[in-house]
A.B. asks: 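This is the structure I want to talk about, given as C-alpha cells.
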Amino acid sequence: MESLLNAHTALIEAAVRAAQSAGDLPAFTLPPVEIKPPNRPEMGDYAYAGALAVAKLAGMKPIDIAQTIAKHLPSAPFLAAVEVAMPGFINFRLDVTWLRAQVAEIINAGDNLGAVTLGKGKRAQVEFVSANPTGPLHIGRSRGAIVGDTMARLLQAAGYIVEREYYFNNAGMQMRHLGNSMRIRYLQALGLPVELPKEEGTFYQGEYLKEFAEQLAAEKGDSLKDAGWEVFKEYAEKKMFVMIRQTLERIHIQHDIFFNENSLYDDGSVSATLEALQERDLIYVASVRESESDEVKAQNAKTPPAQWFRSTRFGDSEDRVVLKSDGAATYTLPDIAYHMNKLGRGFDLLVNVLGSDHYTEHQVVKYGVQALGGEADRIHVILMQFVRLIREGKEVKMSTRRGDYETLDDLIDQTSPDAVRYMLLARNANSRLDFDLDLAVRQTTDNPVYYIQYAYVRCAGILREAEARSFTGEGADMSLLDEESLSFIRRVLTLGDEISHSVLNFEPHRIAFYAHELASAFHTLYDRLRVFGDGIDEDVAAARLHFYRAAQTAFRRVLGLMGMSTPDRM
RNA sequence: GUGCUUGUAGCUCAGUGGAUAGAGCAUUUGUCUACGGAACAAAGGGCCGGGGGUUCGAAUCCCUCCAAGCACACCA
C-alpha cells in the first residue's frame with residue numbers, strides 16, 4: 001500500500017508543473033510540498049497550505065493559486081473531492097468506495113501493514129544498551145533499551161536491513177573492582193574471614209554477587225581461595241552477561257552483535273586511529289592545551305606530557321586528551337576507532353542511543369570521525385534524558401555500586417514486560433521521564449497499555465464468536481460498512497506516514513501515541529457496531545466481520561512495532 | 001560561568017510554520033451488563049514560562065530574561 005501523503009504530494013507537484021506549462025502559474029521553484037490532515041475532519045482528509053507560502057513567489061493571491069492548482073490536479077482513484085478554502089487551502093477528501101476496498105488491503109498486508117520504502121536497500125545499525133557487565137540493568141538503562149529496540153523495529157518497517165549492536169568494555173578499573181568484589185563474596189561464601197575494601201566506590205554490594213559467589217563455591221569448592229581477581233572477574237562477567245541477556249529477552253530485545261571494545265586494541269585499530277590522526281597533524285604532545293597562555297604552560301612545564309587531539313579544528317570548544325601521560329588511551333580514542341569500524345562495515349545509517357550525559361563525548365567522537373574522513377553525518381544520536389524514579393512522591397537515588405537501585409527485572413516483576421515497554425516508550429526522548437513506581441504498580445488495570453491490547457482482545461473475541469458460529473462472512477459487500485468504520489480505516493492508513501516520520505526524526509515515541517489514538521477510535525466503534533445480535537442482517541455482519549479482521553491486523557502490527565504481546569484474552 | 005535539553009489544562013504528557021491548541025489521569029454527569037466494562041458519551045478546566053522580533057500566519061523560527069535537568073577530567 002502506498003503512502004497517501006506521498007501520493008498527494010505527487011499530485012500537487014504534477015498540478016503545479018501542469019499549471020506552469022499551461023501558463024496559468026508563473027515559473028517558480030516549488031518549495032517541498034507538505035501535506036497534513038487538517039485538524040478538523042469536516043475540512044477533509046488531507047490539506048495543502050503551500051499556496052499561501054508561494055503567494056509572494058508567484059506574485060498572485062493565495063486563493064487564486066490554490067484554485068489554479070486545484071484545476072490542474074490529475075485525478076486519482078483514492079480521491080473523491082478537492083475543495084479550495086480561504087485564504088488558500090486545498091482540501092482533499094478520500095473516496096469512500098476506495099476506502100472500503102482498503103479493508104481487504106489491510107488484511108492482506110498483515111504484518112507488513114504500513115511498511116514504507118524509505119530505507120529500501122539500505123543498511124542501518126542501532127547501537128543501544130551497551131552497559132558494561134558490572135551489574136544488572138537498572139531503570140536508567142532500560143529507557144534506552146526500549147527506545148533503541150523500537151527504533152530498530154521502525155527502521156525495519158521503513159525498509160532498512162537492521163542490525164542491533166551492544167558495545168561493551170570488559171577491561172578497566174570497574175571490572176577489576178568487580179573481580180575483587182566477587183572474590184570477597186566467594187571467600188565469604190566459604191566462610192573464610194575477609195576484609196572489605198576501605199576505599200570508597202571499589203566494592204559492589206549487590207545481592208547478585210552473593211548469588212554468583214555461592215554458585216561458584218558450590219562448583220569449585222575452596223580451590224580458588226588463593227586465586228587473583230582475574231578469575232573472579234571472568235566468572236562474574238560471564239554470569240552477568242547471561243543475566244543481562246535474560247532480562248532483555250523478557251522485554252523482547254535481542255542484539256545481533258556484542259562488540260567488545262578490547263578487540264579494537266587487539267586488532268590494532270586503536271593505535272592505527274592514533275597514527276592516522278598524527279599523520280593529519282591533528283595530534284600534539286604537551287602538558288597542557290596549546291591554546292593556554294605561556295604563563296600556564298610555564299607553570300605546568302613539569303607535568304608529564306600527554307597527546308592531544310586538535311578537536312577545536314572541527315568546532316570543539318577545547319582540545320581533548322587521547323593518550324594520557326602514562327601512555328594509556330582515554331575513552332575517546334577507542335570510541336573513534338569503534339565508529340570508524342562501524343562505518344567501515346558499510347552501514348548507511350548508524351543510530352546511537354545514549355544518555356544525555358554522553359553528549360560531549362559523542363561530539364568529540366564525531367569530530368574524530370570527521371578528522372579521519374569518515375562520514376560523520378551517517379551517525380545519528382538519540383539522546384535520552386534521565387529516568388527519575390519516584391516512590392511515595394520522593395525521588396529514589398540509584399547507584400550501581402551500592403546495589404540499592406531498582407533493576408529492570410524488579411520493574412518487570414512489579415508490572416509487566418508490556419507495561420514497561422509502553423511506559424518507557426511513550427515519551428519524547430529529550431524530556432526527562434519520571435517513573436512513578438507506585439503508579440506503575442497500582443496502574444496495572446489503568447495503564448494505557450491494557451487499553452491498547454484490549455482493542456486487540458476484543459477483535460479476537462469477535463473472531464472467536466464467528467468461528468463458534470461457523471460464520472466466515474465470505475463475499476461481504478463492503479458498501480454496507482458505515483461511515484464511522486471508514487474513519488477508523490482512514491486512521492489505519494496513516495500508519496506508514498507515522499513510521500516514516502518516526503524514522504526521519506528518530507522519534508520512536510510517536511508510535512505509542514498513534515497506538516493509543518487508534519485504540520480510542522476502535523473502542524468507540526466497538527460499542528456501537530456489533531457483528532452478531534438481534535436485528536443485525538447477515539450481510540451487514542459479514543461486512544463488519546471483515547472490518548474487525550482489518551482492525552485486528554492493525555493492532556497486531558502496531559503492538560508488534562512496539563515489541564508488545566498480542567494476547568487473545570486478558 | 002559555558003554548552004545541550006526542557007517549560008503547553010490541577011497532574012503526566014502529545015503537538016515544532018497553517019484554519020477553532022489535543023490526549024490520558026483527576027473532577028462532575030450520563031450510557032450499559034455486552035461478540036469479556038480493563039468500555040462508551042458529555043461537561044468544566046489553557047495570556048502554550050515572561051518579554052521582544054521575523055512572517056499573510058508562531059506553541060512551533062530568531063533574540064532576551066526567568067526557572068529546572070544534564071554535561072563541562074590526563075574517569076569510562
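The chains referred to below are lettered A, B, ... by the order of the sequence lines, with proteins before strands, and numbering in each begins at 1.
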A.B. asks: Can you tell which of B:C35, B:G36, B:A14 lies closest to the side chain of A:V531?
C.D. replies: B:C35
A.B. asks: Where does the angle between the aromatic ring planes of A:H339 and A:H362 fall among parallel (under 30°), tilted (30 to 60°) and perpendicular (over 60°)?
C.D. replies: perpendicular
A.B. asks: Side chain of A:R510 only, heavy atoms from C-beta on: which candidate in B:C56, B:G15, B:A76 is closest?
C.D. replies: B:G15
A.B. asks: Looking at B:C40, which nucleotide sits across from it as a Watson-Crick or G-U wobble partner, both distances under 3.5 angstrom, or is there none?
C.D. replies: B:G30
A.B. asks: When you compare the side chains of A:N132 and A:N170, does any donor N or O come within less than 3.5 Å of an acceptor on the partner?
C.D. replies: no
A.B. asks: Mark yes or no for a side-chain to base donor-acceptor pair under 3.5 Å between A:N91 and B:A19, with no hydrogen or angle criteria applied.
C.D. replies: yes
A.B. asks: Could you tell me the separation between the CG atom of A:N430 and the C1' atom of B:U8, rounded to a whole number of Å?
C.D. replies: 15 Å
A.B. asks: Base, sugar-phosphate, or nothing: which does A:I452 touch, judged by heavy atoms less than 4.0 Å apart?
C.D. replies: nothing
A.B. asks: Paired with B:U60: which nucleotide, if any, by Watson-Crick or G-U wobble criteria at under 3.5 Å for both distances?
C.D. replies: none
A.B. asks: Report the distance from atom CG of A:N262 to atom P of B:A76, rounded to the nearest whole Å.
C.D. replies: 13 Å
A.B. asks: Considering only B:U6, B:G37, B:A23, which nucleotide approaches the side chain of A:H516 most closely?
C.D. replies: B:A23
A.B. asks: Is any side-chain N of the basic residue among A:E290 and A:K297 closer than 4.0 Å to the acidic one's carboxylate O?
C.D. replies: no
A.B. asks: Any idea which of B:C13, B:U5, B:C40 is nearest the A:H523 side chain?
C.D. replies: B:C40
A.B. asks: Parallel, tilted or perpendicular, judged at 30° and 60°: which one describes the rings of A:Y526 and A:Y548?
C.D. replies: perpendicular
A.B. asks: Rounded to the Å, how far apart are A:E318 CD and B:A71 C1'?
C.D. replies: 12 Å
A.B. asks: Between B:U20 and B:G1, how far apart are the C1' atoms? Round to whole Å, please.
C.D. replies: 45 Å
A.B. asks: Looking only at atom C1', what distance separates B:A42 and B:G36, rounded to whole Å?
C.D. replies: 25 Å
A.B. asks: Figure out the OH/C1' separation between A:Y451 and B:A23, and round it to whole Å.
C.D. replies: 10 Å
A.B. asks: What interatomic distance, in whole Å, is found between C1' of B:A14 and the corresponding atom of B:C48?
C.D. replies: 13 Å
A.B. asks: Classify A:R569 by what it touches in the nucleic acid, base, sugar-phosphate, or nothing, heavy-atom distance under 4.0 Å.
C.D. replies: base
A.B. asks: For the residue pair A:F488 and A:F547, does the interplanar ring angle fall in the parallel (under 30°), tilted (30 to 60°) or perpendicular (over 60°) class?
C.D. replies: perpendicular
A.B. asks: What's the closest nucleotide to the side chain of A:K56 if the choices are B:U55, B:G37, B:G15?
C.D. replies: B:U55
A.B. asks: Closer to the 5' end of RNA chain B via nearest nucleotide, is it A:M570 or A:V288?
C.D. replies: A:M570
A.B. asks: Where the side chain of A:N132 is defined as all heavy atoms beyond and including C-beta, which of B:A76, B:C40, B:G18 is the nearest nucleotide?
C.D. replies: B:A76
A.B. asks: Any base atoms under 4.0 Å from A:A47, or only sugar-phosphate, or nothing? Heavy atoms, all strands.
C.D. replies: base
A.B. asks: Atom CG of A:D527 to atom C1' of B:U33: distance rounded to whole Å?
C.D. replies: 12 Å
A.B. asks: Say you pick atom C1' in B:A73 and the same atom in B:U64; how far apart are they, in whole Å?
C.D. replies: 33 Å
A.B. asks: Under 4.0 Å, heavy atoms only, any strand: does A:P304 hit a base, just the sugar-phosphate, or nothing?
C.D. replies: base
A.B. asks: Can you see whether A:Y367 has A:R313 sitting over its ring - NZ or CZ less than 6.0 Å from the centre and within 45° of the normal?
C.D. replies: no
A.B. asks: How is A:S317 classified with respect to the nucleic acid when contacts are heavy atoms under 4.0 Å: base, sugar-phosphate, or nothing?
C.D. replies: nothing
A.B. asks: From the options B:A41, B:C35, B:U5, select the nucleotide whose nearest atom is closest to the side chain of A:Y526.
C.D. replies: B:C35
A.B. asks: Could you give me the CA-CA distance, side-chain angles and deciding distance for A:E467 and A:R469, then say whether salt bridge (charged side-chain N to carboxylate O under 4.0 Å, His left out) is met?
C.D. replies: CA-CA 5 Å; A:E467 206 172 323; A:R469 293 170 184 245; over 6 Å; no
A.B. asks: Salt bridge (charged side-chain N to carboxylate O under 4.0 Å, His left out) for A:E127 and A:K342? Distances and angles first, verdict last.
C.D. replies: CA-CA 10 Å; A:E127 185 223 314; A:K342 289 207 274 192; 2.9 Å; yes
A.B. asks: Touch check for A:N428, heavy atoms < 4.0 angstrom, all strands: base, sugar-phosphate only, or nothing?
C.D. replies: sugar-phosphate
A.B. asks: If you measure from the P atom in B:G7 to the same atom in B:C62, how many Å do you get, rounded?
C.D. replies: 14 Å
A.B. asks: Among B:C35, B:A39, B:A38, which is the nearest nucleotide to the side chain of A:Y450?
C.D. replies: B:A38
A.B. asks: At 4.0 Å (heavy atoms only), tell me whether A:A53 reaches a base, stays on the sugar-phosphate, or touches nothing.
C.D. replies: base
A.B. asks: Distance check, P atoms only: B:A59 and B:C40, in whole angstrom units.
C.D. replies: 31 Å
A.B. asks: Of the nucleotides B:G36, B:A19, B:C35, which one has an atom closest to the side chain of A:P38?
C.D. replies: B:A19
A.B. asks: B:C70 phosphate, OP1 or OP2: any side-chain N/O from A:T360 under 4.0 angstrom?
C.D. replies: no
A.B. asks: Measure from CG on A:L57 to C1' on B:C56 and round the result to the nearest Å.
C.D. replies: 14 Å
A.B. asks: In this structure, is the centre-to-centre distance between the rings of A:Y450 and A:Y422 below 6.0 Å?
C.D. replies: no
A.B. asks: Scan every strand shown for a Watson-Crick or G-U wobble partner of B:G1, both distances under 3.5 Å, and answer none if you come up empty.
C.D. replies: B:C72
A.B. asks: Between A:N505 and A:H501, does any side-chain donor sit less than 3.5 Å from a side-chain acceptor?
C.D. replies: yes
A.B. asks: Given B:A41, is OP1 or OP2 found less than 4.0 Å from the side-chain N or O atoms of A:T524?
C.D. replies: yes
A.B. asks: Has A:Y359 got its ring stacked on the base of B:C72, with centres under 5.5 Å and planes less than 30° apart?
C.D. replies: no
A.B. asks: Return the 5'-most residue of the pair A:F89, A:R320 with respect to RNA chain B, ranking by each residue's nearest nucleotide.
C.D. replies: A:F89
A.B. asks: Just call it for A:S325: base, sugar-phosphate, or nothing, with non-hydrogen atoms closer than 4.0 Å on any strand.
C.D. replies: base
A.B. asks: Given the C1' atoms of B:C47 and B:A43, what is the spacing between them in whole Å?
C.D. replies: 23 Å
A.B. asks: Provide, to the nearest angstrom, the distance between the CZ atom belonging to A:F555 and the P atom belonging to B:A39.
C.D. replies: 14 Å
A.B. asks: Is any side-chain N or O of A:Y331 closer than 4.0 Å to OP1 or OP2 of B:C75?
C.D. replies: no
A.B. asks: For B:U55 and B:C11, measure between their P atoms and round to the nearest Å.
C.D. replies: 36 Å
A.B. asks: Is A:R530 touching bases, backbone alone, or none of the nucleic acid, heavy atoms closer than 4.0 Å?
C.D. replies: base
A.B. asks: From the options B:G69, B:G18, B:G15, select the nucleotide whose nearest atom is closest to the side chain of A:R432.
C.D. replies: B:G69
A.B. asks: May I ask you to verify if any side-chain N or O of A:K36 is less than 4.0 angstrom from the OP1 or OP2 atom of B:G15?
C.D. replies: no
A.B. asks: B:U12 P sits how many Å from A:R427 CZ, rounded?
C.D. replies: 10 Å
A.B. asks: Would you indicate what A:F513 reaches in the nucleic acid, counting non-hydrogen atoms under 4.0 angstrom: base, sugar-phosphate, or nothing?
C.D. replies: sugar-phosphate
A.B. asks: Does any nucleotide pair with B:A21 by Watson-Crick or G-U wobble geometry, both distances under 3.5 Å, and what is it?
C.D. replies: none
